[in-house]
Amino acid sequence: MDFMMDVLIVGFGVYLIYCAVKMKRTGELTKGVIIRKDADLTKAPDVPGFIRYMYAKVIAIGICTCICGTLGIINDTYMQLGMMYLGVIGVFVVAIGIFAFVTVKAQKKYLGI
């Protein structure tokens, strides 16, 4: 069960990176991943500014998610990482909290949400 969860975590990290690249190339935001599903972007004052501001941050959290999931797979399959893995999970939780805070501030500033 833990192995499958770690595979899903890696997959979500890859999906975050994909959404960031798609956002940068097309100029469209993926609802439900980076912004709320019910967000009305027709009145958003600066969607390109939001994309510029959030692109590197979404890539970074996607990479962080992939690393955490990969270490989970290693921990479950090959060797027990013990306290190091707990430290990685702690850093990951903090990174997600910071990402959520930055995302909410960026939505207010650039999208008026």
Side-chain angles (χ1 to χ4, degrees):
M1 180 64 183
D2 289 338
F3 177 79
M4 288 307 298
M5 183 59 103
D6 293 327
V7 170
L8 289 173
I9 290 170
V10 170
F12 185 66
V14 171
Y15 184 64
L16 280 171
I17 294 168
Y18 165 77
C19 287
V21 171
K22 180 182 168 195
M23 175 178 70
K24 184 79 165 182
R25 285 190 181 163
T26 65
E28 297 176 7
L29 301 174
T30 305
K31 290 186 177 183
V33 177
I34 301 169
I35 60 170
R36 298 186 323 230
K37 285 185 178 186
D38 62 344
D40 181 19
L41 297 177
T42 57
K43 300 175 185 176
D46 191 11
V47 173
F50 179 80
I51 292 171
R52 278 191 308 276
Y53 182 75
M54 288 301 296
Y55 175 72
K57 292 162 182 63
V58 175
I59 294 283
I61 199 69
I63 291 170
C64 186
T65 303
C66 287
I67 290 170
C68 187
T70 303
L71 286 174
I73 291 170
I74 291 169
N75 186 54
D76 295 339
T77 308
Y78 300 109
M79 64 180 141
Q80 294 295 317
L81 300 176
M83 292 303 288
M84 182 185 117
Y85 185 60
L86 287 176
V88 168
I89 290 174
V91 169
F92 181 63
V93 168
V94 170
I96 288 190
I98 292 169
F99 178 75
F101 179 75
V102 167
T103 302
V104 168
K105 283 186 68 176
Q107 287 178 7
K108 287 179 183 175
K109 180 178 180 180
Y110 293 103
L111 303 179
I113 296 175

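A quick note: this is a predicted structure, and the numbers were derived from the prediction, not measured.
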> Distance-only criterion, 3.5 Å: show the donor-acceptor pairs between side-chain atoms of residues 93-113 and protein atoms not counting sequence neighbours.
from, atom 1, to, atom 2, distance (Å)
T103, OG1, F99, O, 2.7
Q107, NE2, I34, O, 2.9

> Using atom types as modelled, flag every donor-acceptor pair under 3.5 Å from a side chain in residues 39-59 to any protein atom, sequence neighbours excluded.
from, atom 1, to, atom 2, distance (Å)
D40, OD1, T42, N, 3.3
D40, OD1, T42, OG1, 2.7
D40, OD2, T42, OG1, 3.2
D46, OD1, G49, N, 2.9
K57, NZ, Y53, O, 3.2

> Enumerate the residue pairs fulfilling ring pair (Phe, Tyr, Trp, His ring centres under 6.0 Å) with a member in residues 4-23, sequence neighbours excluded, ordered by first and then second residue.
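Every pair satisfying ring pair (Phe, Tyr, Trp, His ring centres under 6.0 Å) with a residue in residues 4-23: there are none.
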
> Name each donor-acceptor pair under 3.5 Å that joins a side chain in residues 21-28 to protein atoms two or more places apart or in another chain, with its distance.
from, atom 1, to, atom 2, distance (Å)
T26, OG1, K22, O, 2.7
T26, OG1, E28, N, 3.2

> Give every donor-acceptor pair under 3.5 Å between a side-chain atom in residues 60-88 and any protein atom, sequence neighbours left out.
from, atom 1, to, atom 2, distance (Å)
T65, OG1, I61, O, 2.7
T70, OG1, C66, O, 2.7
N75, OD1, L81, N, 2.8
D76, OD2, F3, N, 3.4
T77, OG1, I73, O, 2.9
Q80, NE2, N75, O, 3.2

